[in-house]
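What you see below is based on every heavy atom in this structure, not just the backbone, and it leaves out hydrogens, waters and symmetry mates.
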Amino acid sequence: MVFNSLVFLLKFLPIFLLIYYIAEAKHRNLVLFIGSIYFYAYGEPVYVLLLLASTVVNYEAGKRLDIKKKSKAYKKRLIFWVAAALDVALLVFFKLIPEISLAGIKLGMPLGISFYTFQVLCYLADVYRGDVRAEYSFVKFGTYISMFPQLVSGPIVNYSEVSRELKFRRCTPAQFDGGLKKFVWGLTMKVLLADRLAIMWHEIQTTGFVSISTPLAWFGAIGYSMQIYFDFYGYSMMAVGLGEMLGFSLPENFDLPYMSKSVREFYRRWHMTLGRWFRKYVYIPLGGSRKGISRTVLNLLVVWVLTSLWHGVSSNFLIWGLSLWLLITLERLLDRNNKMAKSKVISHLYVLFVIPLTWMCFAITDISELQVYFGRMFGFTAGVNVNPADFAKAAGNYGVLFAVGILMCTPISKKLFERYRDKLVGMLVLAVLFWCCVWRIMAEGNNPFMYAHF
């Protein structure tokens, strides 16, 4: 089940919310846990057993890590590394073998396994280090791991961020109202922007990269850059909104990344919960930037290789990650020598130039096709049957959508939403947008979220 489906919007969510709010406060974790398992089982009837098994194993491991006696430090360390190794091994297995056959049925990679695995890993690490106490209620722990608003595509939530709310939370009408508006706004980003931009990218793929003009190649790269942003940003905002509707304050995952003035800044604003996970549990334990520039560069390399593998094991993801590592390393070296551009305009244009190039490494899995696409972008690969008017046609079909998309990537969209969401005109607009999304889904079906299978 996905957020942008009629089953979720018109059946599951209304029924679940009704049961959730009818239930006594002390039973709401159980309702949320059962509802989340049903939500996951609807789309993954086999892999829900894997999710439950992971929950049980890590629940038991967490309790056994909650040891204060120094005499048992060795036992504690052993439990942590065994549990963490099992979690990582399971993730690596499905990354390396994304398709398996069971009783003649082909099964893909479990939805959300990268997200909930990283979530249990940060829980185990925090309990092991004594940053948080272990959760001794299986229902509360299960709710934390499987909470449906963020189960499939994040954000990756630290246990400390929701531990208090798992024990007691208020679900006020004002909080519900604010969460609902965020959910509708996120749904709009996904259905009316990301999915429309996806049509353009599909048309370019269908035409064939060798047959597109250089202007269209750049147009496609920019379009895909907005598509992946609105797809993932839309999901993250819907997740935060659903969390608020249920009484939780989930962390934000995006902060206007296309307003960045460096690649380093971009990835501090993009998928922020994944970035902080690698910073806290990999980069800083390796030494961070405290041991000289050479060690810093090596630590960054480790982080970006692991980030690439988290997204996928195919070579295009490795190229994507290594290109970002190289750019960030160059930025650090130039900044260290005071050679970074001081002009905000130049810095911003630099980011807007290089980020779409890196997204093409993300989007095109076939390396030979990726070479062709870059060749068409820069004009050093000859085209076949290229129609010079293809860009004009695409601009005519998608120009308005591009203009709206560019505007929505700026602070203007956030300011307008914050200013008008509680006013009558804003609420009317959100109501219209919601039913426009429903109409689109009814007419064209729902497209899966791009991060759902990572």
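Rounding to the nearest 0.5 angstrom, the gap separating the CH2 atom in Trp325 from the CG atom in Leu300 is 9.0 Å. Rounding to the nearest 0.5 Å gives a distance of 12.5 Å between CZ of Arg276 and CD1 of Ile284. With rounding to the nearest 0.5 Å, the separation of CD1 in Ile412 from CG in Leu407 is 5.0 Å. With rounding to the nearest 0.5 angstrom, the CG atom of Leu306 is 14.0 Å from the OH atom of Tyr283. Once rounded to the nearest 0.5 Å, the distance linking CG of Leu322 with OG1 of Thr358 reads 12.5 Å. Within the model, atoms CG of Leu13 and CZ of Phe3 stand 9.0 Å from one another, a figure rounded to the nearest 0.5 Å.
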Arg269 and Glu265: CA distance, side-chain angles, deciding distance, salt bridge (charged side-chain N to carboxylate O under 4.0 Å, His left out) verdict: CA-CA 6 Å; Arg269 292 166 170 253; Glu265 183 185 353; 3.0 Å; yes
Step by step, would you call Leu246 with Leu32 a side-chain contact (heavy atoms from CB on, under 4.5 Å)? CA-CA 9 Å; Leu246 302 177; Leu32 180 53; 3.8 Å; yes
task: Begin with the C-alpha distance, continue with both residues' side-chain angles, and end with the deciding distance and a verdict on side-chain contact (heavy atoms from CB on, under 4.5 Å) for Asn397 and Met200.
output: CA-CA 9 Å; Asn397 292 336; Met200 186 204 68; over 6 Å; no
(Q) Between Leu111 and Tyr47, is the side-chain contact (heavy atoms from CB on, under 4.5 Å) condition met? List the steps. (A) CA-CA 8 Å; Leu111 285 173; Tyr47 287 143; over 6 Å; no
Q.
Is there a side-chain contact (heavy atoms from CB on, under 4.5 Å) between Val313 and Phe317? Walk through the geometry before answering.
A. CA-CA 7 Å; Val313 296; Phe317 287 115; over 6 Å; no
Can you list the steps and then say if Trp359 with Trp270 is a ring pair (Phe, Tyr, Trp, His ring centres under 6.0 Å)? CA-CA 13 Å; Trp359 281 138; Trp270 176 282; 4.9 Å; yes
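The ring pair (Phe, Tyr, Trp, His ring centres under 6.0 Å) analysis of residues 149-188, with sequence neighbours excluded, yields the pairs Tyr21-Phe176, Tyr123-Tyr159, Tyr144-Tyr159, Trp185-Phe417.
Between the side chains of Ser314 and Asn316, a donor-acceptor pair is found at a separation under 3.5 Å.
Of the possible donor and acceptor atoms, one in the side chain of Trp277 sits under 3.5 Å from a partner among the backbone N and O of Phe118. At least one donor-acceptor pair under 3.5 Å links the side chain of Glu165 to the backbone N or O of Ser249. Between the side chain of Arg440 and the backbone N or O of Leu192 there is no donor-acceptor pair closer than 3.5 Å. Counting only distance, with no hydrogens or angles, the side chain of Thr381 and the backbone of Arg376 share no donor-acceptor pair below 3.5 Å. A donor-acceptor contact shorter than 3.5 Å links the side chain of Glu331 to the backbone of Arg264. A distance-only check finds no donor-acceptor pair linking the side chain of Arg421 to the backbone of Gly426 [under 3.5 Å]. Glu161 contributes no side-chain N or O that, together with a main-chain N or O of Val157, makes up a donor-acceptor pair within less than 3.5 Å. A donor-acceptor contact shorter than 3.5 Å links the side chain of Ser36 to the backbone of Ser146. For Lys95 (side chain) and Trp310 (main-chain N/O), a donor-acceptor pair under 3.5 Å exists by modelled atom type. Although no hydrogens or angles enter the test, the distance criterion places no donor-acceptor pair under 3.5 Å between the side chain of Asn29 and the main chain of Val139.
The side-chain heavy atoms of Phe115 and Ile156, taken from C-beta on, include a pair separated by under 4.5 Å. The shortest side-chain heavy-atom distance between Thr214 and Phe378 does not fall under the 4.5 Å cut-off. The shortest distance between side-chain heavy atoms of Leu430 and Leu180 does not fall below 4.5 Å. With contacts defined as side-chain heavy-atom distances shorter than 4.5 Å, the pair Leu256/Pro411 qualifies. Taking 4.5 Å as the limit, every side-chain heavy atom of Asn158 sits out of range of all side-chain heavy atoms of Asp131. With a 4.5 Å cut-off on side-chain heavy atoms, Leu187 and Asn4 count as touching. Taking the side chain as every heavy atom from C-beta outward, Tyr258 and Ile406 never approach each other to under 4.5 Å. In this structure the side chain of Ile145 never reaches within 4.5 angstrom of the side chain of Asn58, judged on heavy atoms.
The minimum heavy-atom distance linking Phe141 with Thr55 is given by the pair CE2-O, 3.3 Å. Between Phe16 and Val31 the shortest heavy-atom distance is CE1-O, 3.6 Å. In this structure, Thr117 and Asp87 approach most closely via the heavy-atom pair CG2-O, 3.7 Å. The two residues Asn299 and Gly287 have their closest heavy-atom pair at ND2-C, 3.8 Å. Residues Leu193 and Met189 share a closest heavy-atom pair of CB-O, 3.3 Å. Pairing each heavy atom of Glu252 with each of Lys182, the nearest pair is OE2-NZ, 3.9 Å.
Residues forming a side-chain hydrogen bond (donor to acceptor under 3.5 Å, both in side chains) with Lys181 (at least two apart in sequence, or on another chain): Asp177, Asp422. Looking at residues two or more places apart in sequence or on another chain, you find no side-chain hydrogen bond (donor to acceptor under 3.5 Å, both in side chains) involving Ser289. When the side-chain hydrogen bond (donor to acceptor under 3.5 Å, both in side chains) test is applied to Tyr281, the partners found at least two apart in sequence or on another chain are Asp126. Partners of Tyr42 according to the ring-ring contact (aromatic ring centres under 6.0 Å, His included) rule, which considers only residues two or more places apart in sequence or in another chain, do not exist here.
Checked against Phe148 for a ring pair (Phe, Tyr, Trp, His ring centres under 6.0 Å), the options Phe12, Tyr40, Tyr116, Phe248 give a single hit: Phe12.
Heavy-atom neighbours of Lys167 NZ from other residues, nucleotides or ligands within 6.0 Å: above the threshold of 12. Counted within 6.0 Å of NZ on Lys415, heavy atoms from surrounding residues, nucleotides or ligands total 12 or fewer; the atom is thus considered open.
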Compile the donor-acceptor pairs under 3.5 Å between side chains in residues 217-236 and protein atoms, sequence neighbours left out, one pair per line.
| residue | atom | partner | partner atom | Å |
| --- | --- | --- | --- | --- |
| Trp218 | NE1 | Met377 | O | 2.8 |
| Ser225 | OG | Ala221 | O | 2.8 |
| Asp231 | OD1 | Met450 | N | 2.9 |
| Asp231 | OD2 | Lys190 | NZ | 2.6 |
| Tyr235 | OH | Pro149 | O | 3.4 |
| Tyr235 | OH | Ser153 | N | 3.2 |
| Ser236 | OG | Phe232 | O | 3.0 |
| Ser236 | OG | Asn253 | ND2 | 3.4 |

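Tyr398 has its ring centre no less than 6.0 Å from the ring centre of Phe402.
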